[in-house]
Amino acid sequence: MPGLPGRQRQKLLPMKGILLVNLGSPDSPTAKDVKPYLDEFLMDERVIDVPPLLRNLLVRGIILQTRPKKSARAYAKIWWDEGSPLVVISERFAAKLGQQTDMPVALGMRYGSMTIGKALRELKEKGADDVLLVPLYPHYAMSSYETVVVKTMEERQKHFPEMKLTTLPAFYKNEAYVKALSDSIAEGLRDFEYDHILFSYHGIPERHIKKSDPTRYHCKIDGSCCSTNSVAHNTCYRHQVYRTTELVKARLGLPGDKVSSSFQSRLAGDPWLKPYTDFEFERLAKEGIKRLVVITPAFVSDCLETLEEIAMEGMEQFKEAGGEQYRHIPCLNDSDTWVRAMADWVNEWGATGALPA
């Protein structure tokens, strides 16, 4: 602004900040702490998208009567001395990112005690009034990416309506992300002679695919719609995960007949995306696959679904079905290549306002 001293002009410019948001975790691997966490998670209308009365009956009348104890035992199997793996890894990632940018970085969780509201307040107290929201999900789904965006907008409007908010788009096909993922997989394959590589993505109900289709007609889940160009792909989880698989496969030169994709972690009662990962463990073993590699690219941080469901239970299922060697490749976590990719994205936004393609 002409006529103002440099220091005063600088104060008038908006200060930018980075908000990282991941899934979340209970505070401890006990039923007492798991129950409220599951309640918040499962009562989210974008996770179980049925009318409120039915959702309340399903979650609080049925699921929460038995699930907390079972989930607590699963969390106890993977819990670290420092705490929840997902939280610890996310904190490490945020700290490394903070060393590679001049902007303040805050970490929040969609569910649990590390709330998005607290993270926004942290950024506000550091002076940030122009925030880049980074949902730590490579792919768009209403039960992951979308619910983070909606919740953050609600918290911003409620507490900091003057704060500007920009959202990083899903980065499932971004070259830097694909390179980081491919480098991680290549490292995991270095000393392992595999028969097959299974990309296991978190499952979602088929109806979520159709609900997220802005055209209301393209997504038929018929085997061809994901490969037919459409604006629907911008919010189609199924298209995006298969695209990630294909991009990694091409980058690493993986044989097409040795790579496939599947979907894990479903709830009973509705058709979810297929094929199901647990069914694939049995099918592949019975078809003669002896050495299996499993990757979980729907997550950037290892968590219950990767460490317990895939690395532990998955190995047991595969070997019980006749498999012999099994390797789970960790998520990107806080790897240097992944941190560098994120730093490049946020710094470019900070300098120019541009977002990665």
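Counting begins at 1 with the first residue of the sequence. Only this structure's heavy atoms are used, side chains among them; waters, hydrogens and symmetry mates stay out.
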Please give me the minimum heavy-atom distance between [X] and [Y], naming the atom from each residue.
X	Y	value
H208	V47	CE1-O, 3.6 Å
G322	K290	O-NZ, 3.2 Å
Y140	S212	CE2-OG, 4.5 Å

- For Y137, which residues count as a ring pair (Phe, Tyr, Trp, His ring centres under 6.0 Å) partner, sequence neighbours excluded? none

- Message: Taking ring pair (Phe, Tyr, Trp, His ring centres under 6.0 Å) as the definition, give me every residue that meets it alongside Y172, ordered by chain and number, with sequence neighbours left out.
- Response: none

According to a hydrophobic-cluster definition based on side-chain heavy atoms being under 4.5 Å apart (Ile, Leu, Val, Met, Phe, Trp, Tyr only), do [X] and [Y] belong together?
X	Y	answer
Y217	I209	no
V150	L23	no
M142	F263	no
L189	F318	no

- Message: Parallel, tilted or perpendicular, judged at 30° and 60°: which one describes the rings of Y201 and H139?
- Response: perpendicular

- Measure the acute angle between the ring planes of Y37 and F41, then classify it against the limits of 30° and 60° as parallel, tilted or perpendicular. parallel

Does [Y] offer a backbone N or O that forms a donor-acceptor pair with the side chain of [X] under 3.5 Å?
X	Y	result
T147	S143	no
T152	V148	yes
Q317	E282	no
D213	C219	yes
R55	I48	yes
D129	M163	no
S227	S224	yes
S265	H202	no
E308	K77	no
R216	K211	yes

- Item | Aromatic ring proximity, centroids under 6.0 angstrom, F171 and W338 | yes

- Step through it carefully: locate the ring centre of H233, locate the ring centre of H218, and say whether they are under 6.0 Å apart. yes

Those residues that, when tested against [X], pass side-chain hydrogen bond (donor to acceptor under 3.5 Å, both in side chains) (two or more places apart):
X	answer
S260	H196
E154	none
E187	R190

- Got a sec: does the NZ of K32 have more than 12 other heavy atoms crowding it under 6.0 Å? no

Quick one: [atom1] on [X] to [atom2] on [Y], what's the gap to the nearest 0.5 Å?
X	Y	atom1	atom2	result
E155	L165	CD	CG	11.5 Å
K179	T337	NZ	OG1	5.0 Å
Y145	L133	OH	CG	7.0 Å
K258	D195	NZ	CG	6.5 Å
H328	D302	NE2	CG	5.5 Å
I89	C331	CD1	SG	7.5 Å

- Carefully, step by step, assess T306 and T296 under the rule side chain to side chain donor-acceptor pair (under 3.5 Å). CA-CA 7 Å; T306 67; T296 48; 4.9 Å; no

- Message: If we check side chain to side chain contact (heavy atoms under 4.5 Å, CB included) with M109, which of these qualifies: L86, I116, L136, L20?
- Response: L86

- Task: Please test V131 against K16 for side-chain contact (heavy atoms from CB on, under 4.5 Å), starting from the C-alpha separation and ending with a verdict.
- Result: CA-CA 6 Å; V131 172; K16 295 187 173 184; over 6 Å; no

- Message: Pair R340, D344 - check salt bridge (charged side-chain N to carboxylate O under 4.0 Å, His left out), show working.
- Response: CA-CA 6 Å; R340 182 69 260 165; D344 287 345; 2.9 Å; yes

- Query: Is there any side-chain hydrogen bond (donor to acceptor under 3.5 Å, both in side chains) pair reaching into residues 116-125, and which pairs are they, with sequence neighbours excluded?
  - Reply: E122-K126, K124-E162

